[in-house]
Chemist: 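Got a structure here, written out as structure tokens. Questions coming.
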Amino acid sequence: MEEDNPSFFWIKSEGQQKLATENLVPGNQVYKEKLIIKKGIEYRLWDPFRSKLAAAIMNELEDFPFENKTKVLYLGASTGTTVSHISDIVGPSGIVFAVEHASRVARDFLDRVAAYRKNIMPILQDARKPKEYFSVFGKVDVVYVDIAQPDQTEIAIDNCEMFLKKDGYFFLVIKTRSIDVTKSPKKIVEEETQKLKAKFEILQTIDLHPYDKDHAIVIAKFSG
Ligand code: SAM
């Protein structure tokens, strides 16, 4: 990962270089993250223990396709921790279509995150029914999936086929600690990536340890 990637920043805090994004909504915190002003610009520290995308950056993520103007489809927005940082990065000319089906979490996400950020389009839908996301227009540059469902790879592929542009990037968070304790994390990741091979080029698989002991992220490119 390049040190001078303009999408995120390394800011000194408490004697350490920490990951941060430029706050799109100055003064606004999403998950009590620290806000730091440097040369008149406000940054939000991006906690790799709270966001798996931040953990992937800490663990040598090679391709970072999120930048100014990027269009993203994000499945499993939850309360918006990671979505908020992606919203910072893609900026006012980018957009994050954020799908969440659980109404209680979605309410929190709407009130605390989406209401303040015009580049987030919240979609209260089941990711199994991509035909019902009426607000998604055109194709997106990146599909990011973190819905913690046993059939999420299949759901993710359906969403990519509908919305991801050719050569677009796909991020899939995989739970490596299965209920089936006989399967090793490596085997679980292998089984999921196998399902992608027909339509994706696998670029990287990242174990999120020590930030997250139970997940890996697969990054792939969509051949269409
Ligand atoms: N990505 C989030 C982050 O980094 O801040 C955390 C996501 S959390 C592990 C998984 C989320 O996916 C939950 O909020 C859950 O309600 C949502 N989810 C699960 N199944 C879903 C589905 N079929 N459609 C939409 N959202 C779903």
Side-chain angles (χ1 to χ4, degrees), residues 6-9 11 13 18-38 40-57 64-149 152 155-156 159 162-164 171 173:
S7 302
F8 52 78
F9 303 86
I11 305 271
S13 169
K18 294 200 175 157
L19 189 61
T21 54
E22 185 178 334
N23 197 355
L24 186 67
V25 191
N28 186 262
Q29 280 171 301
V30 171
Y31 56 105
K32 298 200 173 83
E33 70 282 13
K34 197 166 174 184
L35 304 180
I36 296 178
I37 297 176
K38 286 248 152 88
I41 296 173
E42 187 178 284
Y43 299 90
R44 303 163 57 223
L45 292 190
W46 190 1
D47 186 350
F49 290 94
R50 299 283 300 275
S51 167
K52 295 170 204 121
L53 183 54
I57 294 171
F64 194 79
F66 306 91
E67 56 188 14
N68 189 26
K69 298 187 187 166
T70 305
K71 275 176 87 173
V72 181
L73 173 63
Y74 190 111
L75 309 184
S78 187
T79 51
T81 304
T82 301
V83 171
S84 69
H85 286 286
I86 297 177
S87 152
D88 281 350
I89 293 165
V90 303
S93 312
I95 190 156
V96 189
F97 299 104
V99 179
E100 175 53 58
H101 77 154
S103 48
R104 203 172 52 83
V105 225
R107 170 62 40 212
D108 223 49
F109 172 57
L110 290 174
D111 292 348
R112 300 219 325 257
V113 184
Y116 296 96
R117 295 169 173 268
K118 294 195 185 78
N119 65 1
I120 295 179
M121 182 79 79
I123 300 176
L124 277 92
Q125 282 292 350
D126 185 337
R128 289 191 173 84
K129 298 175 183 165
K131 288 197 177 100
E132 292 178 24
Y133 311 160
F134 297 115
S135 46
V136 182
F137 50 86
K139 296 258 175 176
V140 301
D141 305 298
V142 186
V143 171
Y144 184 104
V145 180
D146 182 14
I147 55 173
Q149 294 292 325
Q152 72 159 4
I155 296 172
N159 277 264
M162 254 189 101
F163 298 112
L164 185 57
F171 282 62
V173 173

Chemist: Could you grab the distance from atom CG of Leu53 to atom CD1 of Ile86, nearest 0.5 Å is fine?
Modeler: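 Leu53 atom CG to Ile86 atom CD1 measures 5.5 Å (nearest 0.5 Å).
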Chemist: Just to verify, what does Asp111 make a side-chain contact (heavy atoms from CB on, under 4.5 Å) with, not counting sequence neighbours?
Modeler: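 Per chain and number, Asp111 pairs via side-chain contact (heavy atoms from CB on, under 4.5 Å) with Arg107.
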Chemist: Please list all pairs meeting salt bridge (charged side-chain N to carboxylate O under 4.0 Å, His left out) that have one or both residues in residues 46-55, counting only residues at least two apart or in different chains.
Modeler: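 For residues 46-55: Lys52-Asp146.
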Chemist: Show the nearest heavy-atom pair for residues Ala127 and Asn159, with the distance to one decimal.
Modeler: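 That would be O-ND2, 3.0 Å.
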Chemist: Please assess Gln149 against Arg128 for the test side-chain contact (heavy atoms from CB on, under 4.5 Å), listing each intermediate value before the final yes or no.
Modeler: CA-CA 10 Å; Gln149 294 292 325; Arg128 289 191 173 84; 3.5 Å; yes
Chemist: Among residues at least two apart in sequence or on other chains, which ones pass side-chain contact (heavy atoms from CB on, under 4.5 Å) with Pro65?
Modeler: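 Residues passing side-chain contact (heavy atoms from CB on, under 4.5 Å) with Pro65: Val142, Tyr169, Phe171.
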Chemist: Sequence neighbours excluded, which residues qualify as side chain to side chain donor-acceptor pair (under 3.5 Å) partners of Asp108?
Modeler: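 With neighbours one apart ignored, the set is Arg112.
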Chemist: Tell me, which pairs form a side-chain hydrogen bond (donor to acceptor under 3.5 Å, both in side chains) where one or both residues lie in residues 135-144, sequence neighbours left out?
Modeler: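 As it turns out, the side-chain hydrogen bond (donor to acceptor under 3.5 Å, both in side chains) pairs with a partner in residues 135-144, which skip direct neighbours, are Asp141-Lys165.
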Chemist: Rounded to the nearest 0.5 Å, what separation is found between the CG atom of Leu24 and the CG atom of Asn119?
Modeler: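 The distance works out to 5.5 Å.
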Chemist: Could I get the full list of side-chain contact (heavy atoms from CB on, under 4.5 Å) partners for Ala55, not counting sequence neighbours?
Modeler: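 Pro48, Leu208, Tyr211.
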Chemist: Can you tell me how far apart CE (Met162) and OH (Tyr133) are? Round to the nearest 0.5 Å.
Modeler: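 Going from the CE atom of Met162 to the OH atom of Tyr133 covers 8.5 Å.
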Chemist: Considering residues, nucleotides and ligands other than Tyr31, do more than 12 of their heavy atoms fall under 6.0 Å from its OH?
Modeler: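 Result for OH/Tyr31: enclosed.
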Chemist: Please report the closest heavy-atom contact between Phe163 and Gly138, naming both atoms and the distance.
Modeler: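 Nearest pair, atom of Phe163 first, then Gly138: CD2-O, 4.4 Å.
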Chemist: Using 0.5 Å steps for rounding, measure from the OG atom of Ser13 to the CG atom of Leu45.
Modeler: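 That separation rounds to 5.0 Å.
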Chemist: Report the distance from atom CD1 of Ile57 to atom CG of Leu19, rounding to the nearest 0.5 Å.
Modeler: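 Going from CD1 on Ile57 over to CG on Leu19, the span is 5.0 Å.
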Chemist: Considering residues at least two apart in sequence or located in another chain, which fulfil the side chain to side chain donor-acceptor pair (under 3.5 Å) criterion with Asn23?
Modeler: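 Partners of Asn23 under the side chain to side chain donor-acceptor pair (under 3.5 Å) test: Glu42, Arg117.
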Chemist: Which is it for Phe8 and Tyr43 under the side-chain contact (heavy atoms from CB on, under 4.5 Å) test, yes or no, and what are the steps along the way?
Modeler: CA-CA 9 Å; Phe8 52 78; Tyr43 299 90; over 6 Å; no
Chemist: Find out whether Ile95 and Phe137 are in side-chain contact, i.e. whether some heavy atom of one side chain is under 4.5 Å from a heavy atom of the other.
Modeler: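 Ile95 reaches Phe137 side chain to side chain.
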Chemist: Quick one: does any side-chain atom of Asp126 pair with a main-chain N or O of His101 as donor and acceptor, under 3.5 Å?
Modeler: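 Flag not set: sc Asp126 to bb His101 has no pair under 3.5 Å.
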Chemist: Using modelled atom types and a 3.5 Å cut-off, is there a donor and acceptor pairing between side-chain atoms of Glu100 and backbone atoms of Ala106?
Modeler: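 It does not hold such a pair.
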Chemist: How would you list, by chain and number, every residue that makes a side chain to side chain donor-acceptor pair (under 3.5 Å) with Lys71, sequence neighbours excluded?
Modeler: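 Counting only residues at least two positions away or on another chain, Lys71 forms no side chain to side chain donor-acceptor pair (under 3.5 Å).
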Chemist: CD of Glu33 to CG of Leu35: how many Å apart, nearest 0.5 Å?
Modeler: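 So the CD of Glu33 and the CG of Leu35 are separated by 6.0 Å.
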Chemist: With a cut-off of 6.0 Å (strictly less than), are more than 12 heavy atoms of other residues, nucleotides or ligands near NZ of Lys38?
Modeler: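 Atom NZ in Lys38 is crowded, with more than 12 foreign heavy atoms closer than 6.0 Å.
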Chemist: Under the side-chain contact (heavy atoms from CB on, under 4.5 Å) criterion, do Trp46 and Ile89 qualify, and how do the steps go?
Modeler: CA-CA 12 Å; Trp46 190 1; Ile89 293 165; 3.9 Å; yes
Chemist: Mind checking side chain to side chain donor-acceptor pair (under 3.5 Å) for Thr21 and listing every partner two or more places apart, or none if nothing turns up?
Modeler: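 Side chain to side chain donor-acceptor pair (under 3.5 Å) check on Thr21 returns His85, Asp88.
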Chemist: Sequence neighbours left out, what pairs pass side-chain hydrogen bond (donor to acceptor under 3.5 Å, both in side chains) with at least one residue falling in residues 75-84?
Modeler: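 Qualifying pairs, neighbours excluded: Arg44-Ser84, Ser51-Thr82.
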Chemist: Not counting sequence neighbours, which residues clear side-chain contact (heavy atoms from CB on, under 4.5 Å) with Ala148? List them please.
Modeler: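 Testing Ala148 for side-chain contact (heavy atoms from CB on, under 4.5 Å), a comparison that skips the adjacent residues, returns none.
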Chemist: Determine, step by step, whether Val96 and Val90 satisfy the side-chain contact (heavy atoms from CB on, under 4.5 Å) criterion, reporting the C-alpha distance in whole Å, the side-chain angles of both residues, the deciding distance to 0.1 Å, and the verdict.
Modeler: CA-CA 8 Å; Val96 189; Val90 303; 4.1 Å; yes
Chemist: Suppose we screen for ring pair (Phe, Tyr, Trp, His ring centres under 6.0 Å). Which residues come up paired with Phe109, at least two apart in sequence or across chains?
Modeler: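 Scan of Phe109 (ring pair (Phe, Tyr, Trp, His ring centres under 6.0 Å), adjacent residues dropped) gives none.
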